Amino acid sequence: SFHSNATSMGDGEEEDEDSSLRDLLCVTSDQRLLLYSLEEEKLQMTHQLVGSNGEVTDLCFVGEGQNKVALATASESIRILHTSSLQCSCTCVGHTDVVLALNSSTVDGVPVIVSGSKDRRVRVWNGNTAKCLGVGEGHSAAVSAVALSNKNSSRKLFAVSGSGDR
């Protein structure tokens, strides 16, 4: 996965796409998160997160500025990390089994995260506060896929989920 920060040129335009890549976020096979920054045409590791509670099951960028990452590991919680430092800003707690799937969007300027879990539930979270906004039940097997409707649409946002049951 990578995170691209476009930089402003002062006149409302952004630099071309090749020069806008500033940060690269990687997940290694031993479950470390590494954040690299582009400095003088070289990638320099700036932050490292070790001990992410086992296997990374999913991750997604959060918010319009994509300055946060939601991280699901082999646990019941979701950690929200700042991409600039990999420091945890808050933790979403509520699932009763391993979180398998994540997706995010923004609604009226508020980042929203949807998650699916082995507990057969879908949860919707406020990406700023980690407060659970709603719980969807009805699957008879683990929820292994979640998605949000068109993130750039003016229509209402809705979530869909997938499971081995249907």
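Numbering of residues begins at 1 and proceeds along the displayed sequence. The analysis underlying the following values was restricted to heavy atoms, covering all of them including side chains, and did not include hydrogens, waters or symmetry mates. Just so it is clear, the structure is predicted and the values come from calculations on it, not from any experiment.
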Checklist entry - For the atom pair CG (Leu59) and CG (Leu102), what is the distance rounded to the nearest 0.5 Å? => result 7.5 Å
Item to check | ILVMFWY cluster, Leu133 and Val135 together (side-chain gap under 4.5 Å) | outcome: no
Next on the checklist: Using every non-hydrogen atom in the two residues, find where Ser144 and Ser163 come nearest and quote the distance to one decimal.
Outcome noted: OG-CA, 4.4 Å
Checklist entry - Does the pair Val124 and Val112 meet the rule for a side chain to side chain contact (heavy atoms under 4.5 Å, CB included), with working shown? => result CA-CA 7 Å; Val124 179; Val112 175; 3.5 Å; yes
Checklist entry - Any donor-acceptor pair under 3.5 Å linking the side chain of Thr96 with the backbone of Asp119? => result no
Next on the checklist: Enumerate the salt bridge (charged side-chain N to carboxylate O under 4.0 Å, His left out) contacts for residues 127-144, please, sequence neighbours excluded, ordered by first and then second residue.
Outcome noted: Arg121-Glu137
Checklist entry - Do Leu100 and Val143 touch side chain to side chain, with heavy atoms closer than 4.5 Å? => result no
Item to check | Of Val98, Val93, Val99, the residue whose pairing with His95 passes side-chain contact (heavy atoms from CB on, under 4.5 Å) | outcome: Val99
Checklist outcome for this item: Quick note, salt bridge (charged side-chain N to carboxylate O under 4.0 Å, His left out) partners involving residues 84-112, not counting sequence neighbours, are none
Item to check | Cluster overlap Val56 with Val69, hydrophobic side-chain contacts below 4.5 Å | outcome: yes
Next on the checklist: Can you tell me how far apart SG (Cys90) and NZ (Lys68) are? Round to the nearest 0.5 Å.
Outcome noted: 6.0 Å
Item to check | Straight-line distance of Ile113 CD1 to Ser105 OG, nearest 0.5 Å | outcome: 11.0 Å
Checklist entry - Which atom names give the shortest non-hydrogen contact between Val146 and Asn103, and what distance separates them? => result O-ND2, 3.6 Å
Next on the checklist: Tell me the closest heavy-atom pair linking Leu148 and Ala159, and the distance in Å.
Outcome noted: CD2-CB, 3.8 Å
Checklist entry - Just by distance, do the side chain of Ser89 and the backbone of Leu81 share a donor-acceptor pair under 3.5 Å? => result no
Next on the checklist: Give me the atom names and distance for the closest heavy-atom approach of Ala74 to Thr57.
Outcome noted: N-CG2, 4.4 Å
Checklist outcome for this item: Closest non-hydrogen contact found for Gly138 with Asp165 is O-OD2, 4.3 Å
Item to check | Name of the residue among Cys88, Cys92, Pro111 meeting side-chain contact (heavy atoms from CB on, under 4.5 Å) with Ile80 | outcome: Cys92
Checklist entry - Listed by chain and number, what are the side chain to side chain donor-acceptor pair (under 3.5 Å) partners of Gln87, not counting sequence neighbours? => result none
Checklist entry - Has the side chain of Thr83 got a donor or acceptor atom that lies under 3.5 Å from a matching backbone atom of Asn67? => result yes
Checklist entry - Where is the tightest heavy-atom contact between Gly127 and Val62, given as atom of each residue plus distance? => result CA-CG1, 4.3 Å
